[in-house]
Structure formats: structure tokens, C-alpha cells
Amino acid sequence: MPDWLTSQNEDALLLDKKNSFLMKNQKGLLFILEKFDHGSERSAASAIHPSLRFLSTLALLLIVSLSQKMLVLWICGLYIFSGLLFFSQKDLKKILGKSVLLSAMPFLIYLPSLLLHQGTFLFLIRVPLIACLISQYTETATTYELLSLLKRWHLPNIVLFQLDITIKYIYILAKVMVHMMKGISARHVGNQQVKLYLGTNVIALIYLRSLDYGKKLQQAMEARGFNGTYPTHKLALKKIDYVYILTQVTLLFVLFFIGKV
């Protein structure tokens with residue numbers, strides 16, 4: 001029995017080591033697809049009006065970035081990390097993972113200043129708070145909500161159209177590439193005579209697929225009478241939104257009062 005049949009390591013099936021780069025990076029493409037699927041459970045924060053969540057996140061980012069008082073940062077941190085209690089365990093792991101990744105690079109850049117005793121302790125507190133805020137918003141906001149929010153703020157339709165098509169094509173082409181690589185790896189298991197020139201062949205096929213999808217998309221849009229405008233649907237404020245507004249106003253008032261003292 002050949003060794004490739006008895007091996008439990010998937011990388012052992014990729015006999016051509018030179019051309020197996022894309023095959024070994026299928027996990028990266030699957031990670032991209034997972035981000036666009038939005039299959040995670042909806043948290044309590046997702047039920048709040050998108051505009052309110054965006055404005056609240058923006059206000060907290062400005063306060064954390066500009067505040068020079070430790071008490072203000074401490075209250076902001078208490079509020080931000082208490083919001084993690086409303087997320088599921090799966091989403092909580094994603095948020096914490098994003099926060100660590102976003103905080104790593106600023107800490108590395110700031111490390112020489114700390115070693116030379118020229119850094120400030122406030123910076124070390126601001127970075128994880130900002131990273132956690134951004135991670136929470138990106139985890140609760142969907143692509144549709146973001147585009148709808150930009151439309152309400154009168155962003156040009158041509159910009160919305162380009163963003164929408166780009167986001168959809170990233171998902172579609174990544175899915176096509178994953179399926180292609182799975183098919184190629186399944187057809188050439190144990191075949192030592194075949195060389196997989198994936199770097200050029202796959203990219204060329206993806207390019208041809210994108211042209212075909214583009215033509216079909218144009219025909220579908222013309223058939224449905226698309227005129228270049230994106231309709232907006234007004235979302236009514238719910239009870240939870242008014243509670244959220246009251247909480248945010250109270251928090252901002254307390255932070256403003258502490259900052260003035």
C-alpha cells in the first residue's frame with residue numbers, strides 16, 4: 001500500500017511541494033468565507049439600531065483616544081468589557097482574538113519608547129480599549145447594515161454600488177477557488193507524474209469566471225430594471241433603542257462631568 005494512502009496528514013497528499021502553496025492555504029480562504037457567511041448567533045447588541053451603534057462606537061472611540069484622565073478610561077473600559085457579557089461564547093472568542101491581533105502591532109511599535117522610559121501608561125490602556133470597541137462593532141455589524149447606514153448618510157450611489165459588488169465578488173470568487181482546489185487535490189491524489197501549476201492556472205480560471213459572472217450580472221440588472229439607485233428602508237426605533245439611547249446619554253454625561261472636574 002502506498003505511503004500516501006496510510007498517511008493521516010493532508011499535506012502528504014500534495015506531492016509537488018513547489019506548486020502546493022495555494023493548496024496549503026485553503027484555511028485562509030475558508031476563513032474569508034466564514035467572515036462573509038455571518039452564520040454566528042445574533043447577540044443582544046445586534047438588535048440595536050445600526051445608526052445608534054455606529055454613533056455610540058464613534059463617540060466612545062473619540063473619548064478613549066482624547067481623554068487624559070485615568071478615571072474616564074476606567075469607566076469606559078468597565079462599560080466596554082461589560083458589553084462582552086451579551087455575546088455568545090463563540091462570538092466572544094472571535095472578539096478577543098481580533099482585539100489581541102489589533103493590539104499587537106501598536107504595542108510592538110511602542111515598545112522602544114517603553115524601553116527608553118519615554119512612554120505613557122495611558123497609551124497602554126487606550127490600545128486594548130480601542131481594539132475591543134472595533135472588534136465588537138465589526139462582529140455585530142453586517143455588510144447590509146453598513147451599506148444601509150452609508151446610504152442614509154447620503155453616500156453616492158456609485159460608491160455604494162462598487163462596495164456592494166466588490167464584497168459579493170470576494171465571497172463568490174473565494175468560494176469558487178476553494179472548490180477548484182478541492183477538486184484538483186482529489187483528482188491528483190497519489191499521482192506523482194502530474195505537476196500542479198496552481199499559481200497561474202487557478203488565477204487564469206478565476207479571471208475567466210469573474211468575466212462570465214460580470215456579464216451575467218449586467219444582464220440580470222438590465223432585466224430587473226436597475227437604475228443605479230439603492231432604495232432605503234427606514235428602521236423604526238424600538239424600546240431597546242430608547243433604553244440604549246438613555247444609557248449612552250447617561251454615560252456621556254458622566255464622562256463629560258468627570259472630564260471637567
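None of the values given here were measured: they were computed from a predicted structure. For this chain, numbers begin at 1 and follow the sequence in order.
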Between the CG atom in D91 and the CZ atom in F86, the distance rounded to the nearest 0.5 Å is 14.5 Å
Cluster companions of Y207 among Ile, Leu, Val, Met, Phe, Trp, Tyr (side-chain spacing under 4.5 Å):
L208, L211
Keeping the roles fixed (side chain from R126, backbone from S67), state whether a donor-acceptor pair exists under 3.5 Å.
yes
Spell out, yes or no, whether I80 and L78 are grouped together once hydrophobic residues are joined by side-chain heavy atoms under 4.5 Å, including indirect joins.
yes
With sequence neighbours left out, write down each residue that passes side chain to side chain donor-acceptor pair (under 3.5 Å) with Y110, or none if nothing qualifies.
T120
Tracing side-chain contacts under 4.5 Å among Ile, Leu, Val, Met, Phe, Trp and Tyr outward from L85 reaches none
Under 4.5 Å side-chain heavy-atom separation, chaining through any Ile, Leu, Val, Met, Phe, Trp or Tyr, what else clusters with V243? Say none if it is isolated.
none
Cluster overlap V249 with I63, hydrophobic side-chain contacts below 4.5 Å:
yes
Side chain to side chain donor-acceptor pair (under 3.5 Å) partners for S56, two or more places apart:
Y244, Q248
Listed partners of T57 passing side chain to side chain donor-acceptor pair (under 3.5 Å), at least two apart
none
D164 side chain to F161 backbone, donor-acceptor under 3.5 Å
no
Here the gap from E139 atom CD to K90 atom NZ, rounded to the nearest 0.5 Å, amounts to 9.5 Å
Rounded to the nearest 0.5 angstrom, the CD1-CD1 distance for I130 and I125 is 12.0 Å
So, using side chain to side chain donor-acceptor pair (under 3.5 Å) as the criterion, who are the partners of Q89 when residues are at least two apart?
none
Residue pairs involving residues 51-78 (criterion ring-ring contact (aromatic ring centres under 6.0 Å, His included); sequence neighbours excluded)
F54-Y137, F54-W153
Using every non-hydrogen atom in the two residues, find where P106 and F123 come nearest and quote the distance to one decimal.
O-CE2, 4.2 Å
Just jot down the side chain to side chain contact (heavy atoms under 4.5 Å, CB included) partners of S135, sequence neighbours excluded, or say none.
I95, K98, S99, L102
Kindly compute the distance separating CE (M221) from CD1 (I165), expressed to the nearest 0.5 Å.
5.5 Å
Partners of P112 by side chain to side chain contact (heavy atoms under 4.5 Å, CB included), sequence neighbours excluded?
none
For the student: nearest non-hydrogen atoms of F87 and L92, plus distance
CB-N, 4.4 Å
same_hphob_cluster(I75, L246) at 4.5 Å side-chain heavy-atom cutoff
no
Let me check something: any side-chain donor-acceptor pairs from residues 251-259 under 3.5 Å, sequence neighbours excluded? List them with distances.
none

Between the CG atom in L122 and the CG atom in L73, the distance rounded to the nearest 0.5 Å is 6.0 Å
If hydrophobic clusters are built from ILVMFWY residues whose side chains come within less than 4.5 Å, do V100 and F81 share one?
no
Heavy-atom side-chain proximity of L52 to L237 below 4.5 angstrom
yes
Could you list the residues that satisfy salt bridge (charged side-chain N to carboxylate O under 4.0 Å, His left out) with K216, not counting sequence neighbours?
D212
Hydrophobic cluster membership, with links at side-chain heavy-atom distances under 4.5 Å among I/L/V/M/F/W/Y: are L84 and L101 in one?
no
Which heavy atom in S103 sits nearest to a heavy atom in A131, and how many Å separate them?
OG-CB, 3.3 Å
Separation between OG1 (T138) and CG (L133), nearest 0.5 Å, reads 10.5 Å
